[in-house]
Peer 1: 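Quick one: the structure is below, questions incoming.
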There are 2 protein chains.
Amino acid sequence: MARAGTTSSVFNAIAEPRRREIVDMLAFGDERDVTQLVLKLGLPQPAVSKHLGVLRKVGLVAVHKAGQRRLYRLNPQELKPVHDWIQNFERFWTDQLASIKEAAEQKAKQCAAHDRAASNHQPHSKEQDHGH
Amino acid sequence: MARAGTTSSVFNAIAEPRRREIVDMLAFGDERDVTQLVLKLGLPQPAVSKHLGVLRKVGLVAVHKAGQRRLYRLNPQELKPVHDWIQNFERFWTDQLASIKEAAEQKAKQCAAHDRAASNHQPHSKEQDHGH
DNA sequence: TTGATATATTCCCATAACGGAATATACTCG
DNA sequence: CGAGTATATTCCGTTATGGGAATATATCAA
């Protein structure tokens with residue numbers, strides 16, 4: 001089995017930094033035409049059109065014609081699965097208690113490892129917990 | 001330029017569903033050895049080890065030896081860039097006003113499209129600028 | 001119509017993915 | 001030591017990428 005295609009999921013689509021830049025540029029709800037994106041990205045126009053094609057296929061952006069321009073707009077709800085997934089880990093950097101607990105558990109493990117490694121040395125009490 | 005490597009960023013690393021599953025399995029702070037992950041994922045052991053190698057390279061997981069086992073643990077802080085990025089779009093599904101506004105704008109566009117499609121019926125003035 | 005502008009599509013190529021299969025390494029036990 | 005278990009690494013083949021270059025399509029303008 002080869003690598004999953006960029007259009008196989010939103011996660012794959014946004015793995016590419018240029019495509020995240022495009023998404024960022026549409027984050028204010030503004031519509032932008034391709035030329036504007038080309039100028040901001042500094043990429044050749046065909047490359048930008050191809051990235052937009054990927055974003056279109058996963059539903060992250062929508063287009064509509066306006067004269068000879070194509071106006072792209074963000075479809076933010078398609079980003080929700082990413083949000084929902086990452087949200088499961090938010091506590092690790094949001095919840096003080098959780099992170100303190102994490103750190104404590106980790107320190108406990110490291111100390112255990114140290115003790116084991118240093119058990120042929122002098123078992124000095126290194127338990128100076130600086131707190132916070 | 002070819003596709004960016006899976007270890008080029010956390011975004012690329014978590015684009016792969018199996019790797020997200022691994023991350024999920026470590027989300028509770030437990031350490032797991034490779035065999036446990038193999039059993040849960042239903043993948044051959046070498047495949048799992050390779051995925052773990054990717055996660056290691058981007059710093060998403062850390063290992064430490066315990067006898068002949070390798071215990072893997074999550075490094076949640078490495079997920080923060082993803083969280084920070086996606087957070088910029090949270091308002092779209094959190095803020096009621098914003099989503100209502102979005103829906104309204106979209107409906108307006110659809111109506112415009114309808115009007116245009118139906119304009120071969122009655123020659124209506126097509127220059128109805130909705131002023132958005 | 002002809003020409004110019006805006007965007008998409010196609011072909012090419014170097015790169016690298018992912019899983020399969022086989023093998024290598026590391027540690028434990030007897 | 002050798003056998004067995006746990007994990008990592010290497011080689012392979014299929015697949016798809018992303019940009020470059022050239023071209024196709026669509027729309028406007030004169």
Side-chain angles (χ1 to χ4, degrees), chain A residues 1-23 25-26 31-58 60-73 113 116-117, chain B residues 1-23 25-26 31-58 60-73 116 126-127:
Chain A
M1 198 186 279
R3 190 181 192 174
T6 54
T7 60
S8 63
S9 78
V10 183
F11 286 92
N12 273 282
I14 65 166
E16 164 67 45
R18 315 294 196 149
R19 285 194 288 265
R20 285 201 302 280
E21 285 189 58
I22 293 178
V23 169
M25 286 179 203
L26 303 172
E31 292 183 321
R32 301 280 167 94
D33 65 26
V34 181
T35 302
Q36 288 176 311
L37 299 171
V38 167
L39 292 179
K40 293 264 183 186
L41 289 172
L43 278 181
Q45 173 267 315
V48 175
S49 276
K50 278 181 261 185
H51 283 310
L52 287 169
V54 173
L55 294 175
R56 246 185 291 129
K57 266 186 191 139
V58 298
L60 262 174
V61 301
V63 219
H64 83 269
K65 295 205 225 175
Q68 59 191 140
R69 316 253 158 90
R70 313 272 171 113
L71 294 180
Y72 281 84
R73 127 183 105 66
R116 228 174 297 126
Chain B
M1 195 188 279
R3 189 181 193 172
T6 53
T7 60
S8 63
S9 79
V10 183
F11 287 92
N12 273 283
I14 65 167
E16 165 66 46
R18 314 295 195 148
R19 285 194 289 265
R20 286 201 302 280
E21 285 189 60
I22 292 178
V23 170
M25 286 179 204
L26 302 172
E31 292 183 321
R32 300 281 167 94
D33 65 26
V34 181
T35 303
Q36 288 176 312
L37 300 171
V38 167
L39 291 180
K40 293 265 186 187
L41 288 173
L43 277 181
Q45 174 266 316
V48 175
S49 275
K50 278 181 261 185
H51 283 310
L52 287 169
V54 172
L55 295 175
R56 245 186 292 130
K57 265 186 192 142
V58 298
L60 261 174
V61 301
V63 219
H64 81 269
K65 297 204 222 173
Q68 59 191 142
R69 315 251 159 90
R70 313 273 172 113
L71 293 180
Y72 280 83
R73 123 183 109 66
R116 230 174 294 126
K126 287 167 76 174
E127 293 305 318

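We name chains A, B, ... by the order of the sequence lines, and we start the count at 1 in each one.
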Peer 1: In whole angstrom, give the distance that lies between atom CZ of A/R70 and atom P of D/dT27.
Peer 2: 7 Å

Peer 1: For the side chain to side chain contact (heavy atoms under 4.5 Å, CB included) test, which of A/V48, A/V63, A/L71 pairs with A/V34?
Peer 2: A/V48

Peer 1: Return yes if the base of C/dA8 and the side-chain atoms of A/Q45 contain a donor-acceptor N/O pair under 3.5 Å, otherwise no.
Peer 2: yes

Peer 1: Taking only N and O in the side chain of B/Y72, is any of them less than 4.0 Å away from OP1 or OP2 of D/dA8?
Peer 2: yes

Peer 1: Just how far, in rounded Å, is C1' of C/dT15 from CZ of B/R3?
Peer 2: 11 Å

Peer 1: For a quick test of reading the model, state the closest non-hydrogen atom pair linking A/Q36 to A/R32 and the distance between them.
Peer 2: OE1-CA, 3.1 Å

Peer 1: Looking only at heavy atoms, what is the nearest atom pair of A/F11 and B/I14, with distance?
Peer 2: CD2-O, 4.2 Å

Peer 1: Which sits closer to the 5' end of DNA chain D, B/K50 or A/V54, going by the nucleotide each is nearest to?
Peer 2: B/K50

Peer 1: Kindly point out which of D/dG19, C/dA6, C/dA8 is positioned nearest to the side chain of A/E16?
Peer 2: D/dG19

Peer 1: Need to verify one output field. Residue with the more 5' nearest nucleotide on DNA chain C, B/R18 or A/T35?
Peer 2: A/T35

Peer 1: Output the rounded distance in Å from NE2 (A/H64) to C1' (D/dA26).
Peer 2: 16 Å

Peer 1: Does D/dT17 have OP1 or OP2 under 4.0 Å away from a side-chain N or O of A/T6?
Peer 2: yes

Peer 1: To the nearest Å, give me how far apart NE2 (A/H51) and C1' (C/dT7) are.
Peer 2: 15 Å

Peer 1: Rounded to the nearest angstrom, tell me the gap between atom NZ in A/K57 and atom P in D/dG18.
Peer 2: 11 Å

Peer 1: What is the separation between atom NZ on B/K65 and atom P on D/dT7, rounded to the nearest whole Å?
Peer 2: 12 Å

Peer 1: Under 4.0 Å between a side-chain N/O of B/R19 and OP1 or OP2 of C/dC18, yes or no?
Peer 2: yes

Peer 1: Whole angstroms only, please: what is the CZ-P distance between B/R20 and C/dC18?
Peer 2: 12 Å

Peer 1: Could you tell me which non-hydrogen atom of A/A4 sits nearest to which non-hydrogen atom of A/N12, and how far apart they are?
Peer 2: O-OD1, 4.0 Å

Peer 1: Quick check on DNA chain D: between A/Q68 and A/A2, whose nearest nucleotide comes earlier from the 5' end?
Peer 2: A/A2

Peer 1: Between atom CG in B/L71 and atom P in D/dA8, what is the gap in whole Å?
Peer 2: 11 Å

Peer 1: Considering every strand and a 4.0 Å limit on heavy-atom distances, what is the contact class for B/P44: base, sugar-phosphate, or nothing?
Peer 2: sugar-phosphate

Peer 1: Does CZ belonging to A/R18 count more than 12 external heavy atoms closer than 6.0 Å?
Peer 2: no

